[in-house]
Asker: 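Handing you this structure, nothing more for now.
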Amino acid sequence: MAAPGGCRLLLRLGRRWLSQEPAVPPPPPPPPPPPGPLYPPVVASHTARSKAARRRRLEHFQRQVHEAASVEEKLRLYGKLQRPKYTVHPQTFALNADRWYRSFTRTAFVPGLPAEAAEEPGPAEEAGVELGALRSLACDALLQESFYQKKRRPFLYRDQEHTPGPFVTQLVSSLAASLCGHNPLLAASSLDLNPEVNYYWHHGEEVVVHGHRKGRVDPVRFQIDDKPHLQLRVPKQLPEIVPLESDLGDVPVIDHKPSKLPLFKKQYENKVFIGSKVSDPCCYGHTQFHLIPDKLKRERFIIANLEDQIEVVYRANGVASLFAWTAAQAMYQGFWNEADVTRPFVSQAVVTDGKYFAFFCFQLNTLALTAETVKNNPRKNICWGTDSKPLYDVVEEGSVKGFNDEVLLQLVRFLLNRPKEL
Amino acid sequence: YPLFQLGGPQLRIFRPNFFMLAVRPGVPQPEDTVQFRVSMEMTKVDIKNYLEKIYNVPVAAVRTRIQYGANNKRNHKNQRVKTPDYKVAYVQLGKGQTFQFPNLFPEKEQDEEAQSFDDFRKKYLEKEQKIQKGDPRRGGVPDWFGL
C-alpha cells in the first residue's frame, strides 16, 4: 500500500506546498487530564469511639446545617437531637438569678438606658403636645379596670390576670394606636397577645454523670420557654445602639454546675420561636411587655425580708426574655452559633406588675456561646435596664393620685423607637 | 407534728432533737450557700428559725433533701448492715453574705530541724527499699536463683 500511502503523503505535502503557508507546527494536542485518585480519601471513621470520629460527625452535622436549603430546615436540624437540658424560666424566685442568667447568655448589664433612648427631644416634643391625651388614655384604662368595672374577687394567686393584665393590654394597644401617626413602623407592626417565645442553645461543657452515656463530655443545653403578656413585632429591624464589638461591662463567671441555682433538667422539644412562624413578614422584634406573676409580687418579698431580690426579678426577666427573643430572631435570619450574627439585633422590653414599670433594652452581638466558639469570641451581648418605678401612687374614688409622667414618657419613647430611615 | 389550724390547740414540742452540722460540700456550691446535715425531723422553716434566732444569721432560702444510706454492706453473719439516712440542707444566706468552708487541717510550718530530719528519714527509707528490691539489673529475679 505504498503507492496510496505515498499519494496521500504527496497530496498532503502538495496541498501544503500549493497553499504556500508558512510551516506551522500543528498545535499540540491538549494534555490528557491527570488520572483521578485511585482510592477514596483517607478520613477518620464515622462510627468509631474516638475523638477523630466524634470530630468528623460534628463537622458533618455543621456542614448539613450550613447547607440547609431553608431556615425551617436549619431550625429542624439544629434542634433535632433531644437530650436533657436546663429549663431556664425568665420569671423565677431563685436568688440572684440575674447574675446567673447573664453568665449563661454572655450578657453585660449596664444600669440605666442608653443615651438615645433616655432623651429624644425631637419625637418626644411632637408627642409632648399630646402627652395630656396619652395621660388621659392611661388614666382611663386604669380607672376602667380598677374602679369602674365591677369585678368579682380574684381567685387565689390570680390577681395579676384580674386587673393589671387587662390594664396593660388596654394601655399598650391604645398608646400604639394613637402613636401610629408619629411612627409608621407601629402602623406596620403586629401586636401579639400572650405569645410564646422559645429558644434553645448550648453554653459550656460538662461530663455526663449517670446513665449509659456516663463519662462523655457533653455541651450544657438550655431552653427558655417564655410567655410574655404582649409583644410588638415589626417588619424592619431597630437600629443598633452601640457598635457590634463594643465592650461595656463584664460577664459573671460561675465555677459550679447550673443545677445549684436551683435549675432543673428536662428533655423535650428543642423549640426556637419568636411568636410567629418564619414566613411572617414581621420577623423583627420591637417591644415585649411582661407581667410579674403573683408568686413574685413585691409584698411577698418584703414579708420575707428579701427587698434586694425585688429588682433581681425584673432584671432576670428582662435579660432572659430579651436574649431568647433576639436570639430567636437572629436564628430566623439564618444565623446560628457556627455562623455568628453580622449585624446586632436590638429589642426592648417593659417588665411590670401593674404599678411598677422597669424598662430594658437588649443588643444581641453574638450567638456563639458553645464551648468551642466562645473561646475566641470577644463579643458580648449587652442589656441596659432601669429600676422599677411606679406609674401612679393610688387609685381612689374615680381618680388616679400621683401619676408619674416620666414613666409614661419613657413608654412613649420606647414605642416611638424606629430605624433612622423611617 | 400535725398542721396548726386557726382556733385549734397549739401543740408544743419540748426538747426536740434539732441539730445542725455544717459540712464541706462534695461538689462546688455558689458562694452564698452553706451545706448542713440536719436532724431528720427538721423542716425548712425550722432550719430558718434555728439559724436566725439562735445564731443571728440572715437566711434567704433553704432547700432540703434526704440522703438515703445504702443497705449493701454485710457483717460477719452475712446480714445486711444499713448506713444511716440523713437530711442535707442547703442554706442561702441573705444580705449578700458569702461563706467558704474553712480548711480545718492546714499544713503547719515545720522548723528547720524537723524539716531536715524528715528529709533525712525519707532518704534513709528510700535507700532501705532499694536494698530490699535487689539489683535492678537482674530484672526482679531473686538473688538465690542462679548457678
Side-chain angles (χ1 to χ4, degrees), chain A residues 86-89 91-104 109 111 156 204-210 214-215 217-218 220 250-265 295-313 315-316, chain B residues 3-6 20 22-38 42-70 72 86-103:
Chain A
Y86 287 111
T87 340
V88 174
H89 298 276
Q91 295 176 329
T92 170
F93 53 79
L95 305 178
N96 296 328
D98 68 324
R99 193 167 152 260
W100 295 68
Y101 289 0
R102 276 189 292 141
S103 143
F104 299 150
F109 188 80
L156 186 63
E205 269 182 346
E206 64 171 4
V207 179
V208 178
V209 177
H210 305 295
K214 184 171 169 176
V217 174
D218 250 4
V220 183
D250 280 322
V251 175
V253 172
I254 55 167
D255 52 352
H256 49 84
K257 279 162 96 172
S259 59
K260 312 286 171 217
L261 173 60
L263 207 57
F264 297 99
K265 276 196 171 176
K295 301 254 171 104
L296 303 174
K297 280 195 301 200
R298 281 187 119 84
E299 294 84 28
R300 284 173 73 97
F301 280 111
I302 293 171
I303 292 167
N305 275 333
L306 291 169
E307 280 94 1
D308 43 342
Q309 298 298 321
I310 299 174
E311 291 304 322
V312 166
V313 167
R315 279 201 296 263
Chain B
L3 195 65
F4 170 74
Q5 311 266 4
L6 263 177
M20 289 184 71
V23 295
R24 177 188 291 280
V27 286
Q29 296 279 345
E31 297 89 27
D32 59 348
T33 305
V34 193
Q35 188 167 334
F36 291 96
R37 283 197 193 179
V38 300
M42 282 178 89
T43 61
K44 291 185 189 181
V45 182
D46 286 332
I47 293 168
K48 187 169 160 127
N49 288 338
Y50 187 103
L51 284 174
E52 279 180 340
K53 300 217 161 110
I54 303 180
Y55 291 98
N56 259 334
V57 172
V59 168
V62 181
R63 298 187 293 279
T64 57
R65 67 177 176 93
I66 296 186
Q67 177 62 54
Y68 169 72
N72 295 336
Y86 54 90
K87 192 179 251 194
V88 180
Y90 301 93
V91 173
Q92 283 192 296
L93 302 172
K95 307 241 181 352
Q97 292 182 358
T98 57
F99 180 77
Q100 201 58 246
F101 197 82
N103 184 7

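Per chain, numbering begins at 1; letters A, B, ... match sequence-line order. Bear in mind that the values here come from a model prediction, so they are computed numbers and not experimental data.
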Asker: Check whether A/L261 gets within reach of chain B through its side chain, its backbone, both or neither, counting any heavy atom under 4.5 Å.
Answerer: backbone
Asker: With chain A, which of B/G96, B/P58, B/P30 has the greatest number of heavy-atom pairs at distances under 4.5 Å?
Answerer: B/P30
Asker: Output all donor-acceptor pairs under 3.5 Å across chain A and chain B; consider backbone as well as side chains.
Answerer:
from   : atom 1 : to    : atom 2 : distance (Å)
A/K260 : O      : B/R63 : NH2    : 3.4

Asker: Got more than 12 heavy atoms from elsewhere within 6.0 Å of CZ, A/F301?
Answerer: yes
